There are 2 protein chains.
Amino acid sequence: MSLPHAILTALLEKPSSGLELTRRFDRSFGFFWSATHQQIYRELGKLEQSGAIRALPSEAPARGQKKEYEVLPAGRAELAAWAAAGQDPRPMRDPLLLRMRAAAVVGTDGLTAELRRHLDLHERQLEMYEGIERRDFPPERDSEQDRLRHLVLRGGIELETFWIRWLTQALDTVDGEE
Amino acid sequence: MSLPHAILTALLEKPSSGLELTRRFDRSFGFFWSATHQQIYRELGKLEQSGAIRALPSEAPARGQKKEYEVLPAGRAELAAWAAAGQDPRPMRDPLLLRMRAAAVVGTDGLTAELRRHLDLHERQLEMYEGIERRDFPPERDSEQDRLRHLVLRGGIELETFWIRWLTQALDTVDGEE
DNA sequence: CGCCTTTATGCAACTTGTTGCACAAGAGCG
DNA sequence: CGCTCTTGTGCAACAAGTTGCATAAAGGCG
């Protein structure tokens, strides 16, 4: 049940239309939560029905016309309750680690190229995050919000760093076999 | 489409019944892929129907009786093809990072306890992994299979280490606000 | 025997996430 | 005007994962 809360958070930071939200989820928001535009539209409909958000008044509320949403007090309260509630960490489910374990039984043919490709993807991702860190979190900005958001971004950066280190080890190990 | 392949990998390592598989997925297999017993039984049925695995003959093939499965050549081939194929890393989706971002907007009330609880869970998990590392991967064991499986376990260990480090930072940041 | 617990298999309903496509309006262009 | 491209909203079908419950046999116990 996290997607509605992700949308509420995004809308509290800045009221947006469905497509704008989609773009934000593809960019910086995607560090910690991804979503497709279909998911977003479906959820916006539900949130509007339940009274958590509302569409800002517009002259032309027709199909194909931009529709901006803002969060209502009920939505804000719901988000605050959710953020403070207890939730266990999700059990791990990583296809790449699984494939490595499978390779231990069926052989490592064709794996090197795939590992290199992933390494490259993670290196680009890391560069992007570091660019954002330089742009959005210079040392002089230090409000409460900035510190918390910076912390989240640091999570993304350190996770990418982990993958890069692991993939490098993996390439050493797999190449060593051949 | 990873669950069937996770099951094939587990069965290749050691033929098992549904409940045995469930236990393995709760223990060491869970480092990189989790599954409930309902998922597993459903998938075992599908895999048997498609000819990837078969039930080992038993005297009493009745409900409530243990039913062991083994992988057939078709299943092994399918797994090898899947392991070597290209698959993009999944987009991130972490509820805790999301909650931290939400907390930046709605406030950090009640968050400290939750962060401490997660820190504790990750510390236990790390200890468990390190125990397994000492037991199953002593320096003298160094076959190809061992190196690859050890690599996967190292992934689990380093991920837990990452979370512990991040949660410690997070606690510093959140406590600093109060 | 009758009752309870453990081991084991399994169905059904629901929620969440993905994929593919349809529809609508405006802008640029010959 | 008619054509195509971009922006924007949305439905429908499917796949994957979760939750709750049902069923059955075997072993221990009074």
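Remember, it's a predicted structure, so these values are computed and weren't measured experimentally. Chain naming here is simple, since letters A, B, ... match the order of the sequence lines and numbering starts at 1 in each.
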For the pair made of [atom1] in [X] and [atom2] in [N], what is the distance, rounded to whole Å?
| X | N | atom1 | atom2 | answer |
| --- | --- | --- | --- | --- |
| A:K46 | D:dT9 | NZ | C1' | 17 Å |
| A:E43 | C:dG17 | CD | C1' | 11 Å |
| A:M1 | D:dT19 | CE | P | 12 Å |
| A:H5 | C:dT15 | NE2 | C1' | 14 Å |
| A:I40 | D:dT7 | CD1 | C1' | 15 Å |
| B:Q49 | C:dG10 | CD | P | 12 Å |
| B:R90 | C:dG17 | CZ | P | 11 Å |
| A:W33 | C:dT18 | CH2 | C1' | 15 Å |

Seminar exercise, completed: Smallest heavy-atom separation, B:Q87 atom then A:P95 atom, equals NE2-CB, 4.1 Å
Problem set entry | Charged N-O contact under 4.0 Å between B:E20 and B:K14 | no
For this session: Check the angle between the aromatic planes of A:F29 and A:F32 and answer parallel, tilted or perpendicular using the 30° and 60° thresholds.
Result: tilted
For this session: Please work out which of the three classes, parallel, tilted or perpendicular, describes the rings of B:W166 and B:W163, given edges at 30° and 60°.
Result: perpendicular
Just to confirm, is there a sub-4.0 Å distance from OP1 or OP2 of [N] to any side-chain nitrogen or oxygen of [X]?
| X | N | result |
| --- | --- | --- |
| A:Y41 | D:dT9 | yes |
| A:Q39 | C:dT18 | yes |
| B:K66 | D:dA26 | no |

Exercise. Of all the choices, D:dT18, D:dG10, C:dG17, which nucleotide is nearest to the side chain of A:H37 once you look at every atom?
Worked result: D:dG10
Problem set entry | With sequence neighbours excluded, residues passing side-chain hydrogen bond (donor to acceptor under 3.5 Å, both in side chains) with A:D26 | none
Exercise. Got more than 12 heavy atoms from elsewhere within 6.0 Å of CZ, A:R27?
Worked result: no
Exercise. For B:E68 and B:P91, take the nucleotide of DNA chain C holding the closest heavy atom to each; which residue's nucleotide lies nearer the 5' end?
Worked result: B:E68
For this session: Mark yes or no for a side-chain to base donor-acceptor pair under 3.5 Å between A:R93 and D:dT18, with no hydrogen or angle criteria applied.
Result: no
For this session: Please confirm whether any donor atom in the side chain of B:Q38 sits under 3.5 Å from an acceptor in the base of D:dG17, or the reverse.
Result: no
Exercise. Is there any side chain to side chain donor-acceptor pair (under 3.5 Å) pair reaching into residues 70-80 of chain B, and which pairs are they, with sequence neighbours excluded?
Worked result: B:H5-B:E78, B:R54-B:E70
Problem set entry | Contact list for DNA chain D against residues 14-26 of chain A - heavy-atom distance below 4.0 Å | A:S17, A:G18, A:L19, A:R23
